[in-house]
Every structure is written in C-alpha cells, then in structure tokens.
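Written out below as structure tokens is the structure these notes cover.
Here is the naming used below: chain letters follow the sequence lines, and residue numbers restart at 1 for every chain.
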There are 2 protein chains.
Amino acid sequence: MVVVASERAASREPKYYLVKRHLLDLIAALPPGTLVPTERVLTVELGTSRTTVRRALSELVGEGRLVRRHGSGTYVAEPKITWPLQMTSFTEQASASGYSTSTRLLEATRTRADEGIAARLGLRVGASTYFIERLRLVDDTPMAVETSHLSAARFPGLIPELRKKSSLYGVLAENYGVQPVEAEETIETASASPREADLLGVDTGSPILLLGRHSFDVDGQPIEYVRSWYRGDRYTFVARLSAHRQE
Amino acid sequence: MVVVASERAASREPKYYLVKRHLLDLIAALPPGTLVPTERVLTVELGTSRTTVRRALSELVGEGRLVRRHGSGTYVAEPKITWPLQMTSFTEQASASGYSTSTRLLEATRTRADEGIAARLGLRVGASTYFIERLRLVDDTPMAVETSHLSAARFPGLIPELRKKSSLYGVLAENYGVQPVEAEETIETASASPREADLLGVDTGSPILLLGRHSFDVDGQPIEYVRSWYRGDRYTFVARLSAHRQE
DNA sequence: TGCTCAAAGTTGTCTAGTCCAATTCGAGAC
DNA sequence: GTCTCGAATTGGACTAGACAACTTTGAGCA
C-alpha cells in the first residue's frame with residue numbers, strides 16, 4: 001500500500017467517504033427515482049465491506065440525496081423542499097406555496113407542568129397544562145411532529161374547540177381573543193427517536209431540524225411553547241430578513 | 001434478558017436505542033466532564049456488541065450530550081451554547097454575549113463563478129469572483145467554517161483590505177459604501193466533510209447546521225452569498241421575531 | 001387469463017473480531 | 001527529582017458474516 005508522502009495532519013479521509021464521493025459522482029446527473037446499485041454490488045465494485053458501504057449510504061440518505069426502500073432498493077431522492085420560516089399559521093403558509101397541507105391530531109390531553117414548561121409558561125410546577133401533539137403533512141407526506149404546551153387555566157375548554165376547528169391559532173384568536181405578537185424561535189439539530197422516526201417515516205436516528213417557538217401576547221405574557229421536529233432530509237428553511245439595525 | 005411482550009407494531013426500538021436510553025439515564029445527573037464507562041465495559045455490561053454501543057455513543061456525541069477523546073475516554077459534554085441568529089456582524093454579535101471571538105482567514109482568492117454563484121450574484125458564468133473562507137472561533141474553539149462569494153468587479157482590491165481589517169462588513173461599508181439592507185437566510189441540516197470536520201474538531205459525518213445568507217443592498221443588488229457550517233452538537237440558534245404581519 | 005405462493009433479491013440489524021492511533025501512566029534511567 | 005520510553009488502555013476504522021424483514025418476480029395452478 002502506497003502512502004502519500006508528507007501526509008497532511010489534516011483531513012485524513014475515511015474509506016467510507018471515498019464510497020460516498022463515488023456515489024455522489026454517480027448520482028450527480030441522474031434524475032430522482034433512479035435505482036442505484038445494490039449494497040452488495042457496491043461492496044464488490046469498491047472492494048470494501050457492506051458496513052462501510054452502508055455508512056456512506058446512510059449519510060447520503062440523511063442529506064436527502066438518496067432514499068432507501070426496505071426489500072426494494074436505493075433510489076436517487078427528490079430535491080429538498082424549501083419551506084418558509086415565518087410566524088404565520090401553518091395552513092396558510094403552505095397553500096400560498098402551492099402545497100396541500102393537512103394536520104393529524106395525535107394527542108390532546110391535560111397534564112401537569114414540569115419545571116421547564118412551568119418556567120416557560122409563567123406557571124408554577126404542577127400547574128395544569130395542555131399537551132397537544134400533531135403531525136404536519138405536506139401533500140399527505142409527514143413533514144413534522146409538533147408538540148404544544150399551553151396553560152389550561154388560561155384557555156378553558158380548548159381541546160374540544162381544537163378538535164372542531166383544527167387551527168390552534170384560529171381558536172386562540174376567535175375563542176380567547178389572544179394573538180401572539182412576539183416570539184422567540186430556537187433552531188438546532190437533533191436525531192429522530194423511534195417514535196418520531198415512525199411518525200415521519202424515516203429511520204431512527206435520522207437528522208432532524210428541531211424548531212422551538214415561544215410566543216407571547218401584547219402584554220408580554222407567554223401563550224404557548226411549541227417544539228417541531230422536521231425531517232432534516234427533506235426540508236430547507238428560508239427566512240427573509242430586513243435590516244432595521246445594521247452595522 | 002427480559003423481553004417486553006406484545007410489542008407495538010409501531011416504533012420497533014432498535015437495540016442500540018436501548019443502549020442510548022441507558023446512557024441518557026446514566027448521564028442525566030452527572031456534571032459536564034464526568035467520565036462515562038468505556039466502550040468495552042458497556043459492551044459486557046449491556047450484553048451487546050461494540051458496534052452497537054458505538055452507534056449509541058455516536059448519536060449522543062452528535063447531539064452534544066457526550067464528548068469522545070481518542071485514547072482517553074468518553075465524557076459528559078457541556079450544554080449547548082445559545083447563539084443569536086441576526087443579520088449583524090459576527091464580531092459584535094458575540095462580544096455582546098460575553099464571548100471572546102476571533103476569525104482565522106483560511107483562504108481569499110479570485111476564482112470564476114460557476115452556475116450557482118453566477119445566478120446568485122447576478123453575474124454571467126465565468127465572471128471573476130472572490131472566494132473567501134474563514135474559520136469562526138468562540139473562546140478559541142472553532143464554531144463554524146464560512147465561505148463567502150462576492151463579485152470581484154464590484155469590489156476591486158477587496159482582498160488586501162480584508163487582510164488588514166478582517167471584518168468583511170466593515171470593509172464593504174468603509175471602502176465601498178455598501179451596506180446590506182435585506183437578506184435571505186436558509187437553514188438546513190448537513191454532515192461534516194473530512195475538511196470541515198478537521199477544521200471544526202469533530203468527526204467526519206457529524207451533524208452540521210448549514211446556514212446560507214444571500215444579502216442585497218438598498219437597490220436590490222446582490223452583495224454576497226455566504227454559507228456557514230456550524231457545529232450542530234454545540235450550538236442552538238435563537239431569533240426574536242416581531243409579528244408585523246400576523247394572522 | 002388471472003391468481004397464488006414460494007423463491008430470490010434487497011435492505012435492516014446485530015455480532016465478533018482485527019488492527020490502528022492517541023493518550024495515559026508508571027518503571028527505570030539519569 | 002526529572003525525564004524518557006514502552007506497555008496498557010482507550011477510542012477509531014474496518015471486515016466478514018449471520019439472520020431477519022420486506023418486496024419483487026415468476027413458475028405453477030385453476
């Protein structure tokens with residue numbers, strides 16, 4: 001085995017990354033839906049083990065470049081979908097972009113605030129709160145799992161209303177006269193738990209874009225605390241920013 | 001080993017996830033810097049293979065819960081750092097939060113615009129552009145790798161100025177009278193290439209938060225196109241949004 | 001022609017192990 | 001006491017293979 005002289009201390013490329021680059025070259029010009037060679041074929045073609053091939057494939061699946069179908073094969077993926085990141089309601093946000101969206105209410109129960117939720121909603125620990133879990137779909141494909149927490153004392157009878165109207169922001173405005181005027185959004189990477197993976201139709205451990213929204217009314221009172229687990233392999237978020245303050 | 005009866009059809013939990021939950025329980029109450037059991041110890045304690053243990057560990061490292069040090073051990077990680085996501089300059093952004101920041105200029109060269117860059121900068125393919133690559137550090141620890149693309153014709157002599165002053169926004173304002181007033185930000189997940197991994201001090205394939213910024217001047221002319229690869233294991237981004245338009 | 005079902009092919013999960021690379025630490029030399 | 005160096009320990013990369021779960025296909029049958 002020939003070793004490159006004066007190897008950079010930097011960037012020692014693992015073998016799986018060579019496989020990954022090979023696959024990227026291969027799929028660069030292929031249309032979505034094209035079948036790529038099977039794992040065992042790649043194994044012999046590239047003189048490596050299946051574990052190494054699978055590591056490269058998994059990374060490309062996580063990046064939204066490939067899709068694996070159990071028992072069938074591995075295919076070139078559709079390009080990522082660009083999704084607006086605004087503080088507007090989910091339903092309108094999407095229909096404006098030409099997508100058909102829907103929501104499945106997974107859970108809507110009363111529970112007691114733990115330390116984190118109590119602090120964010122301005123309640124004491126153990127106070128009664130709603131826990132709402134919804135699945136967001138775009139063109140009938142799961143996009144995100146969303147959990148919301150709200151004060152039960154502040155919004156009595158919320159759950160039956162929500163089951164009727166389905167739009168949470170609509171219910172808050174019409175039934176309680178509450179509108180969020182400010183919000184703190186947090187963004188981080190995460191990985192899918194088995195439950196999230198199952199709901200989103202991805203593998204456990206898949207990359208997730210985790211968005212948090214902590215919204216407040218005109219008096220600065222917290223309204224809700226939401227966390228949304230978005231498929232990291234299918235969505236790119238976009239926000240338009242205007243520079244009021246700029247240096 | 002006891003197996004739970006009547007397994008749910010949904011959410012079939014892989015064995016590595018059991019290991020992961022075991023580790024999460026273990027580290028929940030431990031302070032950052034605490035040593036966790038070695039991979040080989042976990043292997044025998046949990047009756048599994050080292051591959052399975054390593055998968056659980058890798059996921060926890062990617063989530064910023066653990067840190068691995070080659071030859072030394074695996075440790076409980078520091079909590080993530082919350083970082084403001086604003087359109088202001090990097091240097092001020094941070095010192096306001098009490099962090100000491102610095103930038104290392106990795107590359108600053110002239111090159112020719114490919115299709116993507118040309119479209120974004122409003123140039124023809126092959127037009128002369130600057131390629132600027134910088135490493136952003138917080139308290140002397142790498143935070144992000146940042147690449148910028150600008151029109152060379154529009155900002156003649158930019159590179160020597162940049163080497164003197166180091167703040168790109170400062171140079172653009174003082175030397176060229178240009179200020180970004182609007183920008184389109186994109187956010188997505190990615191995984192670290194060997195080069196990025198090396199610069200950021202993480203493993204190849206680690207989760208990355210990839211931010212893009214496409215900024216425009218007061219006339220709507222594109223100024224620059226920047227992409228920043230942030231360590232996904234160490235940073236949570238936060239943005240305050242005011243609802244001018246709200247429904 | 002249309003249906004059934006078994007076989008083949010593909011990805012998913014997990015195991016057991018080898019060898020390498022970096023760190024740590026103590027015995028021994030000075 | 002201090003330093004050096006090698007052994008032990010730890011994480012990193014990779015291999016070869018077993019078996020399970022799911023899909024596809026086509027031979028055989030009605």
Quiz item: Counting any heavy atom closer than 4.0 Å, what does A/Ser72 reach on the DNA or RNA strands: base, sugar-phosphate only, or nothing?
Solution: sugar-phosphate
Exercise. Using whole Å, report how far CG of B/Leu46 lies from P of C/dA16.
Key: 14 Å
Practice problem: Round to a whole Å and report the spacing from OH of B/Tyr17 to P of C/dC14. | Solution: 14 Å
Exercise. Rounded to the nearest angstrom, tell me the gap between atom CZ in B/Arg69 and atom C1' in D/dT9.
Key: 15 Å
Exercise. Measure from CG on B/Leu35 to P on C/dT24 and round the result to the nearest Å.
Key: 11 Å
Quiz item: Roughly how many Å is it from CD in A/Glu59 to P in D/dA13, rounded to a whole number?
Solution: 11 Å
Practice problem: Could you tell me whether A/Arg213 and A/Glu184 have a side-chain N and a carboxylate O separated by less than 4.0 Å? | Solution: no
Practice problem: Select one nucleotide: of D/dC14, C/dG12, C/dC14, the one nearest the side-chain heavy atoms of A/Lys15. | Solution: D/dC14
Quiz item: Hey, is the side chain of B/Arg54 pairing donor to acceptor with the base of D/dG11 inside 3.5 Å?
Solution: no
Quiz item: A/Glu39 has a side chain; which of C/dG12, D/dG12, D/dC14 sits nearest to it?
Solution: C/dG12
Quiz item: If you pin A/Thr52 and B/Val36 to their nearest nucleotides in DNA chain D, which one's is more 5'?
Solution: B/Val36
Practice problem: Grab the OH-P distance between A/Tyr75 and D/dT23 for me, whole Å please. | Solution: 11 Å
Quiz item: Using the benzene-type ring in the case of Trp, are the ring centres of B/Trp83 and B/Tyr99 under 6.0 Å apart?
Solution: yes
Exercise. Specify the separation, in whole Å, of atom CG of B/Asp203 and atom P of D/dT10.
Key: 19 Å
Exercise. Answer with base, sugar-phosphate or nothing: what part of the nucleic acid does A/Thr51 contact at a heavy-atom distance below 4.0 Å?
Key: base
Quiz item: Do B/Tyr130 and B/Glu224 have a side chain donor and acceptor closer than 3.5 Å?
Solution: no
Quiz prompt | Closest to side chain of A/Arg50, choosing from D/dA18, C/dT24, D/dG11 | solution = D/dA18
Self-check item: Option among B/Leu35, B/Leu23, B/Val36 that satisfies the side-chain contact (heavy atoms from CB on, under 4.5 Å) test with B/Val76
Solution: B/Val36
Quiz item: So which nucleotide from D/dT15, C/dT15, C/dT23 ends up closest to the side chain of B/Thr48?
Solution: C/dT15
Quiz item: In whole Å, what is the span from the CZ atom of A/Arg68 to the C1' atom of D/dT23?
Solution: 16 Å
Self-check item: Candidate nucleotides C/dG12, D/dG11, C/dT15, ranked by approach to the side chain of B/Arg40 - the nearest
Solution: D/dG11
Practice problem: Tell me which nucleotide among D/dT10, C/dG12, C/dT15 gets nearest to the side chain of B/His70. | Solution: D/dT10
Quiz prompt | Among D/dC14, C/dT15, C/dT24, the one nearest A/Tyr16 by side-chain distance | solution = D/dC14
Exercise. Count the heavy atoms of every other residue, nucleotide or ligand shown that sit under 6.0 Å from CD of B/Glu115, and state whether that count exceeds 12.
Key: no
Quiz prompt | B/Thr74 side chain, from C-beta outward: closest of D/dG11, D/dT15, C/dA16 | solution = D/dG11
